[in-house]
Amino acid sequence: MPAPELTFQLLDGQQAAAHAGELQALHAEVYADPPYGLAGDAAGFADRFRVQRRQPGFVLAEARSGGYLVGYAAGMPLRPSTSWWRDLTTQLPDEVTAEYPGRTFALADLLVRAAWRRQGVAQALHDLILAGRPEERATLTVPPAANPAQNAFRTWGWRKVGRTRDRSPGAPVSDVLVIALPASRER
């Protein structure tokens, strides 16, 4: 029996808000397993999502099979006053951390249900959410132990520029990756 066809769609913050419960459930499912271990992060996700979806330029790319959410990617442009670069484990040069309007798009989430992995869904979501972005570059964070994600991002052209650690006690480190966006290479 052939796999059901996937549909992909871009949503703005208001449209994404209508799917908040479904997004939260998928987030909890995917991030409960190692190396993430965020099983109790439902309230944290809800708070972050509520703030992120209201940011100017927020976008969410979703993948569905017959209406069933199989994955999504979400992000928004960084503001000049962003805290994105604040908790680095080593200081980076200002050329890397300085933000101004139009410089950096932050890919906050990219996740796919286990049964749908290794079928190109993550790359399709990645490409869809970054396609046509006007920013110069994109950034994301990923745990060093998330080998499949690390390998995928490296294959897609991302490079590590540093590490960051949340200020909460016992918080794990994450690698900070960046990629130049196609629109910036055309300038």
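We number each residue from 1, following the sequence as shown. Every heavy atom of this structure was used, including side-chain atoms; hydrogens, water molecules and symmetry mates were not.
- Under the 4.5 Å side-chain criterion, counting only non-hydrogen atoms from C-beta, Thr104 is in contact with Arg137.
- Rounding to the nearest 0.5 angstrom, the gap separating the OG1 atom in Thr141 from the CZ atom in Arg163 is 12.0 Å.
- Summarising the geometry, atom OH belonging to Tyr68 is positioned 8.0 Å from atom CG belonging to Leu26; distances are rounded to the nearest 0.5 Å.
- Counting only heavy atoms from C-beta outward, the side chains of Pro80 and Arg103 never approach each other to under 4.5 Å.
- In this structure, CG in Leu78 is found 11.5 Å from OG1 in Thr97, a value given to the nearest 0.5 Å.
- For residues 7-22, the pairs satisfying salt bridge (Lys or Arg N to Asp or Glu O under 4.0 Å) are Glu22-Arg64, with sequence neighbours left out.
- Considering only heavy atoms from C-beta on, His27 stays 4.5 Å or farther from Phe49 through its side chain.
- Under the 4.5 Å side-chain heavy-atom criterion for ILVMFWY residues, a single connected hydrophobic cluster contains both Leu130 and Leu110.
- Remark: His19 NE2 to Leu60 CG distance equals 8.5 Å, nearest 0.5 Å.
- A 4.5 Å side-chain heavy-atom check between Val142 and Gln150 finds at least one atom pair inside the cut-off.
- With rounding to the nearest 0.5 Å, the separation of CD1 in Ile179 from CH2 in Trp156 is 10.0 Å.
- Residues Trp84 and Thr164 fail the side-chain proximity criterion, which asks for heavy atoms closer than 4.5 Å.
- A donor-acceptor pair under 3.5 Å links the side-chain atoms of Arg117 to the main chain of Val112, judged by distance alone.
- Taking all atoms of both residues into account, the shortest heavy-atom contact from Gly57 to Phe105 is O-CE1, 4.5 Å.
- In the model, Trp85 has a side-chain atom that pairs as donor or acceptor with a side-chain atom of Glu99 under 3.5 Å.
- Between His126 and Phe153, the two ring planes are tilted [angle within 30° to 60°].
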